[in-house]
Amino acid sequence: MERTETARASFAGLIGADPDEVAVTTSVSAGVSALASGLRPGGGRDRIVVSDFEFPTVGQIWHAQEERGFEVVHVAQGDAPVVPLEAFDAAIDERTALVAITQVCYRNGACIDVEGVVRIAHERGALVLLDSYQAAGSMPIDVRALGVDLLAAGALKYLLASAGIGFLYCRRDLSAKLRPTATGWFADEDVFAMDIHDYSPAPDARRFQSGTPPIPAIYAAIAGIGLMREIGIAETQSHVAALNERLIAGVHELGGSVATPLDPAARGALVAIRARDEHALVSALGAEGILTSSRDGNLRVSAHCYNTHADIDTLLGALGTKRHMLA
Ligand SMILES: Cc1ncc(COP(=O)(O)O)c(C=O)c1O
């Protein structure tokens, strides 16, 4: 229990929130599902606006709410690899209950103009949920500056921890207005009351938790967040930005192209390189000890604090021998 509270405080510190605004969950899915169960359609607000940059779990959870009377509206990417603010402007209206956006798209690394979406959503009375999984640990996050109402992320990626742990931030004054029906004893106002006769959720964001916390993963998350804060998340962001400049320039020199925005301010830590057969390219690089992944027809390169300029040169050297696999 004590370690869970330490994890809660670590997650809160990471995003500039207070610990009572954070639920320690087992995944983004668990936190967002609990949140969704606490939203009720009605009062003229029965629409959920979802950007096309969302991770599958987020899109699927909101579509599952169609069974409960919500309607899902998608906001598509434009010609450039970004979802333009005008598209949100057209999709969000007085019928919108919540807008789900992602800070850095897991497919192409593009960022959404979070403050812009928040401004439009709040003008029209809608909540904003931000999925920061691809941002947490790779760039500083300040929920107050971003103005989002809700934020979900996990510790598996740039926070150097394990699977089985995530968190959901819910703005302090909002928690009490949402009564999740996906719940459990660790969401109760008094976990050890052991009362089977009623539902009395915690007054704060803990109401989005469910069962026994993921103890082993909590140890990993506390260590990972501690390590990233010691290394420096802002420092990591500028280090990786320099690596990615070199990578993108090198890919262009090889005659390849990227699906990631070229404007450094419009992208996160990952770079998506267009490939003819991304699975074959991932395997060929893997055979040379270079670990990458693939998404959406592209090779995905996710550099972090431990990568060096020499690593990028090694990757570019390997891509040079596989130019025919670039698109
Ligand atoms: C943007 C984003 N959201 C969510 C997830 C994962 O969600 P969950 O913790 O539910 O598995 C990932 C994992 O790759 C992700 O990249």
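Along the sequence shown, the residues carry numbers beginning at 1. Whatever order the structure lists ligands and atoms in, that order sets their numbers, starting from 1. These values consider heavy atoms only, across backbone and side chains, with no hydrogens, waters or symmetry-generated copies.
- Nearest to atom 9 (O) of ligand 1 among the protein's heavy atoms is Val28 N, 2.9 Å.
- For ligand 1, the atoms lying closer than 4.0 Å to a non-hydrogen atom of Tyr106 are 16 (O).
- Annotation: the span from Ile141 atom CD1 to Phe11 atom CZ amounts to 11.5 Å, rounded to 0.5 Å.
- Remark: minimum distance from atom 5 (C) of ligand 1 to any protein heavy atom is reached at Tyr133 CD1, 3.3 Å.
- Without hydrogens or angle criteria, Thr260 side chain to Asn108 main chain gives a donor-acceptor distance under 3.5 Å.
- Two residues are said to be in side-chain contact when any heavy atoms from C-beta on lie closer than 4.5 Å; Tyr199 and Pro180 meet this criterion.
- When hydrogens are left out, the protein atom nearest atom 3 (N) of ligand 1 is Asp131 OD2, 2.7 Å; that is the closest non-hydrogen contact.
- With respect to the salt-bridge test (charged N to carboxylate O, under 4.0 angstrom), the residues Arg124 and Asp89 qualify.
- To the nearest 0.5 Å, atoms OG1 (Thr25) and CZ (Phe167) are separated by 8.5 Å.
- Given atom 13 (C) of ligand 1, the protein heavy atom at minimum distance is Lys157 CE, 3.2 Å.
- For atom 10 (O) of ligand 1, the nearest non-hydrogen atom of the protein is Ser29 OG, 2.4 Å.
- Ligand-side atoms of ligand 1 in range of Ser27: 8 (P), 9 (O), 10 (O), range being under 4.0 angstrom from any heavy atom.
- Nearest non-hydrogen protein atom to atom 16 (O) of ligand 1 is Gln134 NE2, 2.9 Å.
- Judged by distance alone, the side chains of Gln60 and His63 never bring a donor and an acceptor atom under 3.5 Å apart.
- Leu130 and Val104 end up in different hydrophobic clusters when Ile, Leu, Val, Met, Phe, Trp and Tyr side chains are linked at under 4.5 Å.
- The protein heavy atom nearest to atom 15 (C) of ligand 1 is Phe55 CD1, 3.3 Å.
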